[in-house]
Amino acid sequence: QVRLVESGGGLVQTGGSLRLSCAASGSFSSIKAMSWYRQAPGKQREFVATITSDGIAMFAGSVKGRFAISRDNAKNMVYLQMNSLKPEDAGVYYCNTPPGVWGQGTQVTVSS
């Protein structure tokens, strides 16, 4: 069973940057796709970015060009580099991997 732990959230000003990390641990042979989702207060959880085991990345339109996703398969880590942050990027960011495994989330706050 896989366990995911996110870190790296915090408070940043508009236009600033943050790098989120997600560490996978537990009993598994390999991690396939790893994704980031976010949830703002009063809103549904939404997709942010995903990266396959081969390193193919996809992004939500709202973050394309500002966010980057990467992974270190040897360390079972995935990272989300967030640049040019906007207030609407604020929320709890969750790491996800099939089948339906979620981390506890890390809070991102963007001050205007």
Side-chain angles (χ1 to χ4, degrees):
Q1 189 170 354
V2 180
R3 180 171 175 256
L4 302 175
V5 178
E6 303 93 335
S7 61
L11 172 64
V12 64
Q13 290 186 332
T14 296
S17 298
L18 279 176
R19 187 191 192 214
L20 305 183
S21 300
C22 173
S25 63
S27 176
F28 54 88
S29 58
S30 64
I31 297 289
K32 301 187 185 303
M34 297 186 77
S35 305
W36 287 95
Y37 287 74
R38 66 188 181 191
Q39 187 167 19
K43 295 187 177 181
Q44 289 188 332
R45 193 171 296 187
E46 64 175 2
F47 168 78
V48 176
T50 191
I51 186 167
T52 68
S53 57
D54 296 329
I56 298 172
M58 290 181 287
F59 298 91
S62 59
V63 307
K64 195 174 293 184
R66 299 187 297 121
F67 289 14
I69 187 170
S70 60
R71 64 187 293 164
D72 185 333
N73 290 334
K75 296 181 179 179
N76 291 317
M77 296 286 296
V78 65
Y79 307 96
L80 186 69
Q81 177 67 44
M82 306 187 295
N83 301 321
S84 302
L85 282 162
K86 306 175 181 180
E88 52 264 42
D89 293 318
V92 179
Y93 281 68
Y94 298 92
C95 187
N96 165 268
T97 193
V101 180
W102 296 90
Q104 84 290 346
T106 185
Q107 178 73 48
V108 172
T109 304
V110 184
S111 63
S112 57

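Note that the structure is a prediction, hence the values are computed from the model and not measured.
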Mind checking whether Ser62 and Arg38 have side chains closer than 4.5 Å, heavy atoms only?
-> yes
Tyr94 and Gly103 have their tightest heavy-atom pair at CD2-O, 3.6 Å
Shortest non-hydrogen contact from Gly91 to Gln107?
-> O-NE2, 3.5 Å
To the nearest 0.5 Å, how far apart are OG in Ser25 and CG in Asn76?
-> 8.5 Å
Thr52 side chain to Ala33 main-chain N or O, any donor-acceptor pair under 3.5 Å?
-> no
With sequence neighbours excluded, what pairs up with Asn96 under the side-chain hydrogen bond (donor to acceptor under 3.5 Å, both in side chains) test?
-> none
Closest approach of Val5 to Gln104 (non-hydrogen atoms, all atoms of both residues) = CA-OE1, 3.7 Å
Distance (rounded to the nearest 0.5 Å) between Arg19 CZ and Tyr79 OH = 5.5 Å
Approximate separation, where rounding is to 0.5 Å, of Ser53 OG and Lys32 NZ | 6.5 Å
Any side-chain heavy atom of Val108 within less than 4.5 Å of one from Leu20?
-> yes
What's the spacing between Gln81 CD and Leu18 CG if we round to 0.5 Å?
-> 8.5 Å
If a pair satisfies disulfide (SG to SG under 2.5 Å) and one of its residues is in residues 45-112, list it, with sequence neighbours excluded.
-> Cys22-Cys95
Over all atoms of both residues, closest heavy-atom pair of Ser112 and Pro87 | CB-CG, 4.0 Å
Under 3.5 Å: donor-acceptor pair, side chain of Arg45, backbone of Val92 = no
Would you give the length of the straight line joining atom OG1 of Thr50 to atom CE of Met58, rounded to the nearest 0.5 angstrom?
-> 5.5 Å
Could you tell me whether the side chain of Asn83 reaches within less than 4.5 Å of the side chain of Ser17, counting heavy atoms only?
-> yes
Any side-chain heavy atom of Met77 sitting closer than 4.5 Å to one from Ser21?
-> yes
Nearest heavy atoms of Lys64 and Phe59, plus distance in Å = CE-O, 3.9 Å
Would you indicate whether Gln39, at its atom CD, is surrounded by more than 12 heavy atoms from other residues, nucleotides or ligands within a distance under 6.0 Å?
-> yes
Parallel, tilted or perpendicular for Phe47 and Tyr37, by the 30°/60° rule?
-> perpendicular
For Leu85 and Arg66, work out which heavy atoms get closest and say how close.
-> CA-NH1, 3.9 Å
Should Trp36 and Ile51 count as side-chain neighbours, where that means a heavy-atom distance under 4.5 Å?
-> no
Side chains of Leu4 and Met34: closer than 4.5 Å at any heavy-atom pair?
-> yes
